[in-house]
Amino acid sequence: MNLLIQGPKNEKLENTIPEGTKINKIELKGNVLWIDLSKEFIENHKTGAEAQSRTIYSIVNTMTGLNEVEAVKFVIDGKEDCTFKDNGINLKDPFVPKEDIT
């Protein structure tokens, strides 16, 4: 997760994680990985469902590559039911991997 936040080493690639995002806590509950991120994750994010989906699934598809993880639940500063600032994707439910990321 820290490597995803740092972003790609190749300057031709774009970092999908918003600047200033910090990890508050990561915990595996059953087969769901709970990731508690700082408010910058939603406050500093680009608007639009496409950009939000790329960010969510860059994390979900990476983390579910681990044997124990089947889904990822996002929490923002301890709050479970958050939405991106433009009322985009809601983070209420866990996310499972997605093949085609748009």
Side-chain angles (χ1 to χ4, degrees):
M1 191 62 208
N2 284 321
L3 292 174
L4 286 174
I5 288 174
Q6 289 175 14
K9 302 261 186 257
N10 184 337
E11 53 194 52
K12 293 179 182 178
L13 299 176
E14 182 181 342
N15 189 356
T16 60
I17 311 298
E19 191 172 326
T21 299
K22 294 179 181 52
I23 300 169
N24 295 326
K25 183 178 180 182
I26 296 180
E27 182 177 3
L28 186 62
K29 297 181 182 182
N31 60 3
V32 179
L33 187 66
W34 286 59
I35 303 176
D36 186 349
L37 300 169
S38 64
K39 65 183 181 208
E40 289 80 9
F41 183 73
I42 55 176
E43 288 181 356
N44 294 345
H45 203 284
K46 294 178 184 174
T47 57
E50 186 177 319
Q52 294 165 7
S53 182
R54 264 196 313 271
T55 297
I56 294 294
Y57 288 103
S58 70
I59 296 169
V60 171
N61 289 355
T62 299
M63 295 297 119
T64 56
L66 302 170
N67 289 335
E68 305 85 12
V69 180
E70 292 183 17
V72 175
K73 169 73 174 128
F74 292 92
V75 178
I76 306 300
D77 285 334
K79 296 178 184 169
E80 293 184 31
D81 188 7
C82 292
T83 303
F84 284 94
K85 64 183 176 186
D86 65 348
N87 293 319
I89 296 175
N90 186 293
L91 304 176
K92 178 181 176 185
D93 297 316
F95 290 83
V96 295
K98 186 176 182 182
E99 293 292 322
D100 181 30
I101 302 172
T102 54

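Since we're looking at a predicted model, the values are computed, not measured.
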Is it the case that the side chain of [X] and the backbone of [Y] share a donor-acceptor pair, with hydrogens and angles ignored and the cut-off at 3.5 Å?
X   : Y   : value
N44 : P18 : no
T21 : I17 : no
N61 : K98 : yes
T16 : S58 : no
T64 : V60 : yes

Distance, nearest 0.5 Å, that separates [atom1] of [X] from [atom2] of [Y]:
X   : Y   : atom1 : atom2 : result
Y57 : M63 : OH    : CE    : 15.0 Å
K22 : L37 : NZ    : CG    : 11.5 Å
I76 : S38 : CD1   : OG    : 7.5 Å
H45 : R54 : NE2   : CZ    : 8.0 Å

Item to check | hydrophobic_cluster_shared for V75 and I23, side chain cutoff 4.5 Å | outcome: no

Next on the checklist: I need the minimum non-hydrogen distance between I42 and C82, along with the two atoms involved.
Outcome noted: CD1-CB, 4.4 Å

Checklist entry - What closest approach, in Å, do E19 and E40 show between heavy atoms, and which atom pair accounts for it? => result O-CB, 3.9 Å

Next on the checklist: Parallel, tilted or perpendicular: which one describes the rings of F95 and F74, with boundaries at 30° and 60°?
Outcome noted: perpendicular

Checklist entry - Would F84 and L91 satisfy side-chain contact (heavy atoms from CB on, under 4.5 Å), going step by step from the backbone distance to the final call? => result CA-CA 8 Å; F84 284 94; L91 304 176; 4.0 Å; yes

Name the atoms and distances for all side-chain donor-acceptor pairs under 3.5 Å in residues 27-35, with sequence neighbours left out.
| unit_1 | atom_1 | unit_2 | atom_2 | d |
| --- | --- | --- | --- | --- |
| E27 | OE1 | K25 | NZ | 3.4 |
| N31 | ND2 | E70 | OE1 | 2.9 |

Next on the checklist: Please determine whether the number of non-hydrogen atoms from other residues, nucleotides or ligands lying under 6.0 Å from atom NZ of K46 exceeds 12.
Outcome noted: no

Next on the checklist: Would T83 and I89 count as a side-chain contact (heavy atoms from CB on, under 4.5 Å) here? Give the steps.
Outcome noted: CA-CA 6 Å; T83 303; I89 296 175; over 6 Å; no

